[in-house]
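When a ligand or atom number is given, it counts from 1 through the structure's own listing order.
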Amino acid sequence: MSKDKKLLRSLRGEVQEVPPVWMMRQAGRYLPEYRATRAKAGDFLKLCYTPDLAAEVTLQPIRRYGFDAAILFADILLVPQALGAELWFAQGEGPRLSTIQAPEDLAALKPASAIHETLAPVYETLRILTRELPEETALIGFAGAPWTVATYMIAGRGTPAQEPAHALREGNPALFDALIARITEATIEYLSAQIEAGAEVIKLFDSWAGSLKGEAFDTYAVEPARVITQALKARHPGIPVIGFPRGAGEKYVGFARTTGVDCVALDQSVDADWAAAHVQIDGCVQGNLAPEHMVTGGQALVEETRRIARAFSKGPHIFNLGHGITPDADPENVQLMVDTLRQGARG
Ligand code: 1CP
């Protein structure tokens, strides 16, 4: 049956009259039911590591909107934590981690093979979801791409232009490369275990790929994505992979060819007609409605939804936002987007 899931059909290259749809951060603070479950869990990391609750928040947007895919509820920063970094969420301030600045910091981390001890509850969440999801809903597992994860491990927090990571990359390339290698290896282990637990699609989030320019983009965005994709496909033949080199701009062109991913997720900075001509020619694309429309709604949301669906209508397409939905979004606007799309946006 799973071969007929709408999302998997697009990933195999099928062009569909109405594209499959889901949203990045679809389980999140814009939903009152998410806020209630999060309050019950106590804090964000408890929510990630409590399989029943993590499965519950994964299912909430599926119940409400009938999305074609559910994305595992977890976070990209669980991998650094499983490698031995300290991780905490400061109230109202976002994530904080212990930092990697010197060879001793890297030496103190655990080997990639040790991550499963910490991450076992995540695999349990996936096993629950394989039982509880509607049969037409595809289950997406994910991880952060090595560069993006490294930016948090080096700086200990989110940074506007990833300066600390660029400084280490330039100042101590041997240490930086060893860190990228460790994260790459851990990511392959982690995603492989997610697939064994029931993930049917893998998404690799390279949220900060846009700050890598020229050759650095090829070395630290393309190459790790290629290595991870090849390893997953060797271990799990046929597993589809979605790559998201956010902010890649013209570097989106050829990304699927050079990495082997089955689909490229587009942020909202690229024009849909341009991407249809230059990126979708290589296969499936995902995106790229600006998340702001989920706050503002109205006719502009309807028109943008239709315009994007139309621009990508000649090739395989997964409808999504260009980045995660924000906490101030109105759940009614999400319904309006889904209705617009399913009522024949291309007509
Ligand atoms: O308060 C809360 O409830 C925490 C907000 C939150 C949520 C809902 C965080 C903290 N993480 C998540 C879940 C999450 N994160 C998912 C779950 C599935 C989904 O519904 O999509 C996923 C896929 C992520 C991925 C993630 N985490 C990324 C990559 C995607 C992106 O948004 O660019 C990144 C960069 C993170 C780090 C992170 N985790 C949380 C925050 C606030 C951040 C960003 C920190 C920063 O850069 O300042």
Side-chain angles (χ1 to χ4, degrees), residues 22-50 53-62 64-65 67 69-81 85 87-97 122 125-126 129 139-165 187 190-191 194 199 201-211 242-248 265-268 286-287 291 294 320-329 334:
W22 66 282
M23 284 189 319
M24 281 184 263
R25 291 279 170 96
Q26 63 190 20
R29 284 168 292 177
Y30 74 105
L31 288 180
E33 58 268 37
Y34 170 86
R35 295 195 297 268
T37 311
R38 200 193 140 172
K40 197 163 127 191
D43 70 64
F44 174 69
L45 284 173
K46 279 231 183 68
L47 183 53
C48 291
Y49 287 121
T50 309
L53 297 182
E56 166 59 22
V57 294
T58 305
L59 289 163
Q60 286 167 349
I62 309 304
R64 221 186 229 260
Y65 303 112
F67 286 128
I71 182 160
L72 164 71
F73 190 84
D75 195 78
I76 66 164
L77 301 176
L78 303 188
V79 167
Q81 189 179 38
L87 171 67
W88 68 101
F89 279 80
Q91 193 64 38
E93 279 183 47
R96 294 287 182 273
L97 297 94
V122 176
T125 303
L126 286 163
L129 288 167
L139 179 54
I140 304 176
F142 74 92
W147 160 251
T148 287
V149 172
T151 66
Y152 289 96
M153 291 183 81
I154 294 163
R157 60 199 297 161
T159 43
Q162 299 76 58
E163 304 89 339
T187 303
Y190 181 43
L191 293 175
Q194 288 189 26
V201 177
I202 291 300
K203 182 163 178 187
L204 207 49
F205 286 92
D206 212 348
S207 304
W208 301 118
S211 76
I242 303 171
F244 183 34
R246 189 170 77 91
L266 303 163
D267 64 75
Q268 67 271 21
Q286 177 180 281
M294 296 301 158
N320 204 309
L321 308 182
H323 199 196
I325 187 168
T326 50
D328 55 345
V334 178

Contact between ligand 1 and Gly94 is defined here as a heavy atom of the residue under 4.0 Å from a ligand atom; is it met?
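So Gly94 does not count as touching ligand 1.
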contact_flag Phe89 ligand 1 heavy-atom lt 4.0 Å
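So Phe89 counts as touching ligand 1.
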Which residue and heavy atom of the protein sit nearest [atom], plus the separation:
atom                    : answer
atom 15 (N) of ligand 1 : Asp75 OD1, 3.0 Å
atom 7 (C) of ligand 1  : Phe44 CE1, 3.6 Å
atom 48 (O) of ligand 1 : Gly158 CA, 3.9 Å
atom 14 (C) of ligand 1 : Ala74 O, 3.2 Å
atom 1 (O) of ligand 1  : Arg38 NH1, 2.1 Å
atom 33 (O) of ligand 1 : Ser207 OG, 2.5 Å
atom 25 (C) of ligand 1 : Ile76 CG2, 3.7 Å
atom 21 (O) of ligand 1 : Arg25 N, 2.7 Å

Using 30° and 60° as the class limits, which term best fits the ring planes of Phe205 and Phe142: parallel, tilted or perpendicular?
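Rings of Phe205 and Phe142: perpendicular, over 60°.
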Classify the ring geometry between Phe44 and Phe89 as parallel (under 30°), tilted (30 to 60°) or perpendicular (over 60°).
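Rings of Phe44 and Phe89: perpendicular, as their planes differ by over 60°.
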With heavy atoms under 4.0 Å as the rule, classify the contact between [X] and ligand 1 as side chain, backbone, both or neither.
X      : value
Leu72  : backbone
Pro95  : side chain
Arg29  : side chain
Lys203 : neither

Of [options], the residue whose pairing with [X] passes side-chain contact (heavy atoms from CB on, under 4.5 Å):
X      : options               : result
Leu204 : Ile76, Thr148, Thr187 : Thr187
Gln60  : Tyr34, Phe73, Tyr65   : Tyr34
Leu53  : Thr37, Thr125, Thr58  : Thr37

Please tell me whether Ser211 and Gln162 have a donor and an acceptor in their side chains that are separated by less than 3.5 angstrom.
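Present: a donor and an acceptor within the cut-off.
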Near Tyr34, which atoms of ligand 1 are under 4.0 Å from a heavy atom of that residue?
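Answer, ordered by atom number: 2 (C), 3 (O), 8 (C).
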Looking only at distance, does [X] have an N or O less than 3.5 Å from an N or O of ligand 1?
X      : answer
Tyr152 : yes
His323 : yes
Arg246 : no

Please tell me if the side chains of Leu126 and Gln194 come closer than 4.5 Å, counting only heavy atoms from C-beta onward.
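Of all side-chain heavy-atom pairs linking Gln194 with Leu126, at least one is under 4.5 Å.
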Less than 4.5 Å apart, any side-chain heavy atom of Gln26 and any of Leu31?
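SC-SC contact between Gln26 and Leu31 ruled out.
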Return yes if some donor-acceptor pair links the side-chain N/O of Trp208 with the main-chain N/O of Trp147 below 3.5 Å, else return no.
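Side chain of Trp208 to backbone of Trp147: no pair is present.
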Hey, does the side chain of Arg35 reach the backbone of Arg29 with a donor-acceptor pair shorter than 3.5 angstrom?
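Yes; judged by distance alone, with no hydrogens or angles, the pair exists.
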Looking at Arg96, I'd like to know if its CZ atom is crowded, meaning that more than 12 non-hydrogen atoms belonging to other residues, nucleotides or ligands lie closer than 6.0 Å.
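Counting other residues, nucleotides and ligands, CZ of Arg96 exceeds 12 neighbours.
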